[in-house]
Amino acid sequence: MSDGVALVTGASRGIGRAIAVELASTGRPVALNYASREDDAKEAVAAVERAGGEAIAVRADVARPDDVARMFSDVEDAFGPVAVLVNNAGIRADGLALRMSEDAWDRVLRTNLNGTFWCCKRALRSMLRARFGRIVNVASIAGLHGSPGQANYAAAKAGVIALTKTLAREVGSRGITVNAVAPGLIATELTESLSEQQWDQLVSSVPQGRAGAPEDVARVVSWLCSPAGDYVNGSVYVIDGGMTA
Ligand code: NAP
């Protein structure tokens, strides 16, 4: 495995935090990005340290290219170039398409899709120089199959998948892989607002009979960034307990 720091966006809680802990367990220092919840980010850094890893928290809104540029400079100052990038930061703002506001459409596309692009673009600079890099983008089964009430979210995640495949082709010859994971129903704060009825209905459509845990996603991401994933490029790994099989 090559040296270098791993940067995980949206790592103050949920799936991103689990990914940060998992990547740190492979011996890499990890930078945990967050947007606003500093206390959660500090607690996530402490979780990495309790597991024997080295970590810092970096605040940045991934939807803002200037924030992204500063975040990468901060991470490079602390640990050197970013060798592993996991674009995990994401939000939802659900509503039926006909009633969706411009703001709800825009916020979700800017964070989930534009944010992924700005981080990939900035990370590729040093990865191309190093002739090594691992990028994993966190998409969703919504980006593969659509999701009623989530036109903005599904479109953004479909965009993330197309971006992943395009970058995989653009930089594959330079020792860099770009892959995506597409989780199904994962128990985090993002899914907390579902009603009990919606939750039960979704869980009943999972052949494994349970929602996923953040760690179910984290282990696949970590595997993709390990030497075992060296020949995997431009792929989308569905992690949904069989929900869309
Ligand atoms: P979560 O618990 O709500 O956590 C979201 C994380 O993203 C937080 O750390 C948050 O930071 C950060 N974030 C939000 N906006 C940001 C921005 N503009 N810039 C930087 N960071 C930002 O969500 P999750 O369930 O772990 O989801 C993580 C990813 O998995 C998302 O991309 C989501 O779409 C995807 N996913 C989730 C599920 C699921 O069922 N949970 C299923 C499929 C895909 P702050 O707290 O500091 O704001």
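The residues of the chain are indexed from 1 along the displayed sequence. Order of listing sets the numbers, starting from 1, for every ligand and every atom in it.
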Checklist line | From Val181, Asn88, Thr188, residue fulfilling side chain to side chain contact (heavy atoms under 4.5 Å, CB included) relative to Val217 | finding: Val181
Item checked: Close residues, ligand 1: non-hydrogen atom nearer than 4.0 Å -> Gly10, Ala11, Ser12, Arg13, Gly14, Ile15, Asn33, Tyr34, Ala35, Ser36, Arg37, Ala60, Asp61, Val62, Asn88, Ala89, Gly90, Ile91, Thr111, Val138, Ala139, Ser140, Tyr153, Lys157, Pro183, Gly184, Leu185, Ile186, Thr188, Glu189, Leu190, Thr191
Next item on the list: Give the C-alpha distance, both sets of side-chain angles, the deciding distance and a yes or no for side chain to side chain contact (heavy atoms under 4.5 Å, CB included) between Leu124 and Val171.
Entry: CA-CA 9 Å; Leu124 283 173; Val171 299; 4.1 Å; yes
Check: Under 4.5 Å between any side-chain heavy atoms of Asn33 and Met71, yes or no?
Finding: yes
Item checked: Min side-chain heavy-atom separation Val236-Lys165 under 4.5 Å -> yes
Note to self: Arg169: which residues meet the salt bridge (Lys or Arg N to Asp or Glu O under 4.0 Å) condition with it, sequence neighbours left out?
What the structure shows: none
Notebook entry, point to check: Would you say Ser147's side chain and Gln150's backbone share a donor-acceptor pair under 3.5 angstrom?
Noted result: no
